[in-house]
Amino acid sequence: MKNLNGKIALVTGASRGIGVHIINSLTEKGINVIGVARNKEGLENTKEIVKSNLGNFEYLQFDLSETSKLYNLTNQLMDKEIDYLINNAGIEIYRSFEDYKLDDIQKIVNVNLLGPMELTRLLIPKIKANKGNIVNIASLAGKKGVIYNGIYSSTKAGLILWSDALDQELKEFEVGVTAICPGYIADTGMFKDGGYAPPALLGESAPQLVGKAVIDAITKGKKEIIVNSGPIRPLLAIGQIFPRVSDVIIKWFGVPELCRKRAFESKGGNRT
Ligand SMILES: NC(=O)c1ccc[n+]([C@@H]2O[C@H](COP(=O)([O-])OP(=O)(O)OC[C@H]3O[C@@H](n4cnc5c(N)ncnc54)[C@H](OP(=O)(O)O)[C@@H]3O)[C@@H](O)[C@H]2O)c1
């Protein structure tokens with residue numbers, strides 16, 4: 001088992017939601033965490049939580065949609081060793097495709113895909129030097145297209161394949177790259193905050209399980225981890241062979257109906 005004590009992780013999406021659970025899992029193992037997000041109050045709240053668990057957490061406020069300025073963030077990390085980069089920040093906007101503005105599309109792609117790529121590119125020399133890990137929080141939405149959330153879905157599919165390619169590329173440097181694919185997450189985060197019940201057959205998972213998956217990614221070098229309460233892998237396999245059949249199964253589970261509600265009901269399902 002790797003000794004994680006005293007290592008340093010940069011975690012994006014540190015101000016609320018799943019990010020807080022990922023940070024708790026890391027700090028419980030003695031890893032010092034630098035969090036990134038925009039909201040200062042949320043970041044301070046995370047700091048209090050970590051402090052009460054006797055962990056070490058500091059943060060940098062940054063808007064990750066400003067991908068061409070990410071060097072301003074990494075310049076502030078020049079004197080730090082970075083062992084692990086956890087690209088967790090993400091946004092989604094449920095909408096009919098024709099109703100998206102170019103600005104919406106760019107923002108989702110920037111935060112969910114281009115941002116992780118550029119942040120990784122800038123930090124790779126440090127991570128290589130430390131034989132560290134890169135962990136990308138993708139989604140089951142990257143495994144099967146999600147209606148009215150297709151931009152999000154495509155960014156998560158992009159994260160999964162980019163992680164696969166980068167893992168192969170960095171193997172000779174002993175750097176592991178993992179894609180974590182959560183399904184619906186309970187208690188906190190963008191799905192919970194939308195206020196909808198998940199389709200019964202797919203269920204929900206505790207956010208702590210995403211934190212555990214991050215530790216497994218780092219310690220066991222896993223390439224891809226699915227966090228979901230139901231048996232999703234056989235369904236994904238069926239979808240690879242018979243894509244139309246998986247449309248029928250997903251419909252039977254009630255996923256398109258839920259997505260339609262999230263796109264068109266006033267409470268919506270958007271998180272920007
Ligand atoms: N919740 C689920 O059911 C679920 C399922 C599958 C995958 N995921 C993935 O898990 C990850 C975390 O999601 P979550 O549910 O915890 O979402 P969340 O509660 O909405 O939190 C998102 C985090 O990302 C940060 N963020 C968003 N836009 C940002 C920006 N422009 N610059 C900097 N930080 C930004 C937010 O911080 P600020 O607003 O303070 O900037 C916040 O800390 C995402 O990648 C999501 O796609 C979630």
Side-chain angles (χ1 to χ4, degrees), residues 10-24 33-47 49 57 59-67 69-70 72-73 86-94 103-104 106-116 118-119 135-144 146 149 151-160 163 179-199 202-211 213-214 225-229 232 255 258-259 262 268-272:
L10 187 77
V11 181
T12 68
S15 61
R16 61 169 186 265
I18 294 171
V20 180
H21 290 275
I22 293 173
I23 291 164
N24 270 336
V33 173
I34 305 166
V36 181
R38 293 165 300 179
N39 185 282
K40 191 173 167 68
E41 206 182 319
L43 287 162
E44 281 293 331
N45 189 38
T46 305
K47 196 172 179 175
I49 293 170
F57 176 80
Y59 65 78
L60 295 167
Q61 266 180 287
F62 199 86
D63 183 346
L64 295 165
S65 68
E66 307 256 18
T67 46
K69 296 184 186 153
L70 273 170
N72 285 330
L73 175 70
I86 320 296
N87 287 306
N88 163 67
I91 56 172
E92 62 181 355
I93 302 176
Y94 276 82
D103 188 52
D104 298 326
Q106 281 170 332
K107 208 167 163 199
I108 300 168
V109 172
N110 279 351
V111 175
N112 294 7
L113 185 59
L114 199 52
E118 174 62 353
L119 194 52
V135 181
N136 295 315
I137 308 300
S139 170
L140 282 183
K143 293 283 192 183
K144 169 77 186 158
V146 177
N149 202 13
I151 317 291
Y152 174 84
S153 214
S154 66
T155 60
K156 296 299 184 178
L159 266 186
I160 294 167
S163 304
I180 294 180
C181 302
Y184 297 107
I185 295 298
D187 303 334
T188 188
M190 53 173 66
F191 178 69
K192 169 73 183 170
D193 294 349
Y196 293 96
L202 286 176
E204 294 179 292
S205 307
Q208 289 84 352
L209 292 179
V210 184
V214 170
I225 304 174
I226 288 180
V227 180
N228 192 66
S229 55
I232 204 76
V255 175
L258 173 62
C259 296
R262 294 183 77 181
N270 299 330
R271 195 27 102 59
T272 60

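One-based numbering, in listed order, for ligands and for the atoms of each. Since this is a predicted model, take the numbers as computed values, not measurements. Residue numbers run from 1 in the order of the sequence given.
The ligand atoms of ligand 1 that sit less than 4.0 angstrom from a heavy atom of Ala14 are 43 (O). Near Leu64, with a cut-off below 4.0 Å to any heavy atom, the atoms of ligand 1 are 30 (C), 31 (N), 32 (N), 33 (C), 34 (N). For ligand 1, the atoms lying closer than 4.0 Å to a non-hydrogen atom of Phe191 are 1 (N), 3 (O). For ligand 1, the atoms closer than 4.0 angstrom to any heavy atom of Ala89 are 24 (O), 25 (C), 26 (N), 45 (O). Against a heavy-atom cut-off of under 4.0 Å, Ile91 is close to the following atoms of ligand 1: 27 (C), 28 (N). In summary, the atoms of ligand 1 found under 4.0 Å from a heavy atom of Gly183, numbered by their order in the structure, are 3 (O), 5 (C), 6 (C). Near Ser65, with a cut-off below 4.0 Å to any heavy atom, the atoms of ligand 1 are 31 (N).
Regarding atom 38 (P) of ligand 1, its nearest protein heavy-atom neighbour is Ser15 OG, 3.4 Å. Scanning all protein heavy atoms for the shortest distance to atom 6 (C) of ligand 1 gives Pro182 O, 3.3 Å. In terms of protein heavy atoms, atom 44 (C) of ligand 1 is closest to Asn88 O, 3.1 Å. Atom 4 (C) of ligand 1 has its closest protein heavy atom at Ile18 CD1, 3.9 Å. Of the protein's heavy atoms, Arg38 NH2, 3.3 Å lies nearest to atom 28 (N) of ligand 1. From the protein, the heavy atom lying nearest to atom 15 (O) of ligand 1 is Met190 N, 2.8 Å. Here the protein heavy atom with the shortest distance to atom 18 (P) of ligand 1 is Arg271 NH1, 3.3 Å. In terms of protein heavy-atom proximity, atom 25 (C) of ligand 1 is nearest to Gly13 CA, 3.7 Å.
Among the atoms of Thr188, none of the N or O lies under 3.5 angstrom from an N or O of ligand 1. On a distance-only criterion, Ile185 and ligand 1 share at least one N/O pair closer than 3.5 Å. Taking distance alone, with nitrogen or oxygen atoms compared against 3.5 Å, Ser139 stays at or beyond that limit from ligand 1.
Summarising the geometry of Ile160 relative to Ala179, their closest heavy-atom pair is CA-CB, 4.2 Å, with the distance given to 0.1 Å. In terms of heavy-atom proximity, Tyr184 sits nearest to Leu202 at CE1-CD1, 3.9 Å. The minimum heavy-atom distance between Val146 and Cys259, with the atom names listed, is CG1-SG, 3.5 Å. Closest approach of Glu204 and Ala186 over heavy atoms only: OE2-CA, 3.6 Å. Nearest heavy-atom pair across Leu43 and Gln61 is CD1-CG, 3.7 Å. Looking at every heavy atom in both residues, Ala14 comes nearest to Ala37 through N-CB, 3.9 Å.
Within the structure, ligand 1 lacks Gly42 among the residues with a heavy atom less than 4.0 angstrom away. Distances from ligand 1 to the non-hydrogen atoms of Ala138 include at least one value under 4.0 Å. Residue contacts with ligand 1 do not include Cys181, since none of its heavy atoms lies under 4.0 Å from the ligand.
Using a distance-only test at 3.5 Å, with no hydrogens or angles considered, no donor-acceptor pair links the side chain of Ser153 to the main chain of Gly142. When atom types are taken as modelled, the side chain of Asn88 and the backbone of Val11 share no donor-acceptor pair closer than 3.5 angstrom. With Asn87 contributing its side chain and Asn136 its backbone, the two residues share no donor-acceptor pair below 3.5 Å. When atom types are taken as modelled, the side chain of Ser65 and the backbone of Lys107 share no donor-acceptor pair closer than 3.5 angstrom.
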| Step-by-step side chain to side chain donor-acceptor pair (under 3.5 Å) determination, Ser15 to Asn39 | CA-CA 6 Å; Ser15 61; Asn39 185 282; 5.6 Å; no
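With a heavy-atom cut-off of 4.0 Å, Ile137 touches ligand 1 through backbone and side chain alike. Neither the backbone nor the side chain of Lys107 has a heavy atom within less than 4.0 Å of ligand 1. Contacts of Ala141 with ligand 1, taken as heavy-atom pairs under 4.0 Å, are absent altogether. If you look at Tyr152 next to ligand 1, the close heavy atoms, those under 4.0 Å, all belong to the side chain.
Applying side-chain hydrogen bond (donor to acceptor under 3.5 Å, both in side chains) to Asn149 and the options Lys156, Arg262, Glu92 leaves one that passes, Glu92.
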